[in-house]
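Below, all heavy atoms of this structure are taken into account, side chains as well, without hydrogens, waters or symmetry copies.
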Amino acid sequence: MHFLDQAKIFVRSGNGGPGAVSFRREKFIEYGGPNGGNGGKGGDIVFEAVAGLNTLIDFRYTQHFRAPRGKGGAGSNMTGAGGEDLVIKVPVGTQVLSEDREEVLADFTEVGERVVFLRGGDGGRGNASYKTSTNRTPRQHGTGWPYEEMWVWLRLKLLADAGLVGLPNAGKSTFINAVTNAQAKVGSYAFTTTRPQLGVVRHKHKEFVVADIPGLIEGAAEGAGIGDRFLGHIERCSVLLHLVDANDKDVAESYRIVRDELEIYGAGLIDKPVIVALNKIDTLDDELIAALSAELEEASGAEVIPISGAAGTGLDWILDKMLEAIGPSGGVVGADDEGEDEIAWSPV
């Protein structure tokens with residue numbers, strides 16, 4: 001399944017149906033009168049968060065959504081049928097933004113959450129509703145209230161309890177593969193991860209979701225490398241796991257580069273609880289591990305946990321720390337989304 005976390009779509013609710021102009025014509029009834037019914041209400045545009053999806057790829061191919069209009073009224077005071085609501089299904093974690101992306105119009109954080117985004121127009125009045133003591137044969141009617149329409153942006157922010165950050169080749173993909181059933185791509189070159197990846201950790205009879213995002217390099221906020229657009233997927237995380245490659249020339253500088261990019265990005269990422277891990281220690285001796293850990297502790301001001309995702313060293317220790325940081329309120333969001341399962345799905 002291809003990954004897409006932003007999409008621009010056009011939405012339009014339905015027009016209200018016109019009211020009817022009709023007069024009663026029945027045998028043996030001496031006086032007739034107006035009996036035109038009201039028009040039906042137009043369909044609403046409704047957004048609904050659904051489970052089992054972590055991409056907006058379907059909105060690349062379906063970009064226009066128009067709800068049906070209401071039907072016209074009829075004689076015998078019959079009201080026209082209302083237009084069916086158009087329900088647009090989005091992944092949990094989706095935000096609906098204004099066209100200029102300055103305002104969040106809706107935010108979906110729970111499965112089944114529904115929002116009536118654009119209301120369909122009310123039906124027009126039939127001529128029966130215009131009858132008065134001085135106007136016994138009205139011929140006017142309402143044409144129905146118009147639709148509402150707008151362009152909006154959909155932005156997906158994956159829901160995860162913990163997020164992985166670090167420079168490219170810090171071992172994030174190896175780590176998530178080691179502690180979850182995810183199958184993130186691993187390679188000996190930079191930017192093997194080009195899109196966010198979710199995995200579910202099962203540790204000590206508890207579960208939580210980890211998000212792996214592409215690595216950050218200096219200048220990511222200005223578009224260097226893959227940029228920082230994927231940082232939005234860890235904005236909702238309770239804790240960040242910062243992995244530093246023990247083979248870097250300067251582990252303290254590697255730590256500062258990523259922290260600076262998080263601070264430039266904003267959105268409160270720099271203020272989130274962070275666990276610092278010195279990764280790939282399986283290639284070093286104990287003396288060098290201790291020296292690098294001390295250097296990294298001085299730069300970060302936090303305890304440094306030496307681990308090796310490839311060898312499995314220190315993983316239980318780091319998972320204990322993550323569970324402690326997530327707390328009892330954390331838990332799996334969309335556990336069935338793990339990996340790359342193909343899901344038959346349509347936005348409507």
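- When side chains are defined from C-beta on, Val96 counts as touching Leu154, because their heavy atoms get closer than 4.5 Å.
- Rounding to the nearest 0.5 Å places CG of Asp107 at 4.5 Å from CZ of Arg236.
- For the atom pair CD (Glu102) and CG (Leu97), the distance works out to 9.5 Å, reported to the nearest 0.5 Å.
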*Lys204 and Asp316: CA distance, side-chain angles, deciding distance, side-chain contact (heavy atoms from CB on, under 4.5 Å) verdict*: CA-CA 9 Å; Lys204 292 187 174 179; Asp316 285 342; over 6 Å; no
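- To the nearest 0.5 Å, atoms CD1 (Ile234) and CG (Asp212) are separated by 10.0 Å.
- Once rounded to the nearest 0.5 Å, the distance linking CD1 of Ile275 with CG of Leu164 reads 10.5 Å.
- Considering all non-hydrogen atoms of both residues, Ala211 and Ala160 come closest at CB-CB, 3.7 Å.
- Distance alone, capped at 3.5 Å, is enough to place a donor-acceptor pair between the Ser300 side chain and the Ala302 backbone.
- Pairing each heavy atom of Gly199 with each of Ile176, the nearest pair is N-CD1, 3.9 Å.
- Judged by distance alone, the side chain of Asp85 and the main-chain N or O of Asp44 form a donor-acceptor pair under 3.5 Å.
- A continuous path of Ile, Leu, Val, Met, Phe, Trp and Tyr side chains, each step under 4.5 Å between heavy atoms, connects Ile307 with Trp317, placing both in one hydrophobic cluster.
- At distances below 3.5 Å, not a single donor-acceptor pair connects side-chain atoms of Asn127 with backbone N or O atoms of Pro34.
- Counted within 6.0 Å of NZ on Lys8, heavy atoms from surrounding residues, nucleotides or ligands total more than 12; the atom is thus considered enclosed.
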*asked:* Walk me through whether Asn247 and Leu284 qualify under side-chain contact (heavy atoms from CB on, under 4.5 Å).
replied: CA-CA 9 Å; Asn247 297 297; Leu284 309 176; 4.0 Å; yes
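- In this structure, Arg119 and Lys41 have side chains that are in contact, with non-hydrogen atoms separated by less than 4.5 Å.
- The side chain to side chain donor-acceptor pair (under 3.5 Å) analysis of residues 135-145, with sequence neighbours excluded, yields no pairs.
- With hydrogens and angles ignored, the 3.5 Å screen pairs no side-chain donor or acceptor of Asn15 with any backbone N or O of Arg69.
- Taking CD from Glu261 and CD1 from Ile270, the interatomic distance works out to 10.5 Å, rounded to the nearest 0.5 Å.
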*Please assess Leu243 against Asp245 for the test side-chain contact (heavy atoms from CB on, under 4.5 Å), listing each intermediate value before the final yes or no.*
CA-CA 7 Å; Leu243 297 181; Asp245 189 345; over 6 Å; no
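- Nearest heavy-atom pair across Cys237 and Gly163 is SG-N, 3.6 Å.
- The two residues Ala277 and Leu241 come nearest to each other via the heavy atoms CB-CD1, 4.1 Å.
- No hydrogens or angles considered: a donor-acceptor pair under 3.5 Å links the side chains of Glu235 and Tyr265.
- Ile9 approaches Val11 most closely through the heavy-atom pair CD1-CG1, 4.0 Å.
- Remark: Glu84 CD is loosely packed, at most 12 non-hydrogen atoms of other residues, nucleotides or ligands lying under 6.0 Å away.
- Leu105 and Met150 get closest at one heavy-atom pair: CD1-CE, 3.9 Å.
- The shortest distance between side-chain heavy atoms of Val274 and Arg259 falls below 4.5 Å.
- More than 12 non-hydrogen atoms from other residues, nucleotides or ligands lie less than 6.0 angstrom from CG of Asp100.
- Using modelled atom types, one side-chain atom of Glu113 and one backbone atom of Thr109 make a donor-acceptor pair closer than 3.5 Å.
- Around atom CD of Glu303, more than 12 heavy atoms belonging to other residues, nucleotides or ligands sit under 6.0 Å away.
- Both Val276 and Leu288 belong to a single network of hydrophobic side chains, linked directly or stepwise wherever heavy atoms of I, L, V, M, F, W or Y lie under 4.5 Å apart.
- Panel note: side chain Ser13, backbone Tyr147; no donor-acceptor pair is recorded below 3.5 Å.
- Both tests pass for Arg125 against the ring of Tyr130: distance under 6.0 Å to the centre and angle within 45° of the axis.
- Contact annotation: the side chain of Thr55 never approaches that of Pro91 to less than 4.5 Å [non-hydrogen atoms, C-beta and beyond].
- If you chain together hydrophobic residues whose side chains sit under 4.5 Å apart, Trp151 and Leu118 never meet in one group.
- Panel note: side chain Asn279, backbone Val244; no donor-acceptor pair is recorded below 3.5 Å.
- Ring pair Tyr255/His242 is parallel by interplanar angle, where below 30° counts as parallel and above 60° as perpendicular.
- Linking ILVMFWY side-chain heavy atoms closer than 4.5 Å, directly or via other members, places Leu240 and Ile257 in a single hydrophobic cluster.
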*asked:* Quick one, Val210 with Met322, criterion side-chain contact (heavy atoms from CB on, under 4.5 Å). Give me CA distance, side-chain angles, the key distance, then yes/no.
replied: CA-CA 10 Å; Val210 176; Met322 294 171 74; 4.0 Å; yes
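- Relative ring orientation between Phe117 and Phe47 is described as perpendicular, the plane-to-plane angle rising above 60° on a 0-90° scale split at 30° and 60°.
- Contact annotation: the side chain of Val87 approaches that of Arg114 to within less than 4.5 Å [non-hydrogen atoms, C-beta and beyond].
- By the criterion of side-chain heavy atoms lying less than 4.5 angstrom apart, applied directly or through intervening Ile, Leu, Val, Met, Phe, Trp or Tyr residues, Val90 is grouped together with Val115 in one hydrophobic cluster.
- Contact check on Glu48 versus Lys89 returns no salt bridge, with no Lys/Arg side-chain nitrogen under 4.0 Å from an Asp/Glu carboxylate oxygen.
- Between the CG atom in Leu278 and the CG atom in Leu296 there is a gap of 6.0 Å [rounded to 0.5 Å].
- Looking at Ser22 and Asn35, their side chains do bring a donor and an acceptor atom within 3.5 Å of each other.
- Partners of Asp260 under the salt bridge (Lys or Arg N to Asp or Glu O under 4.0 Å) rule, at least two apart in sequence or in another chain, do not exist in this structure.
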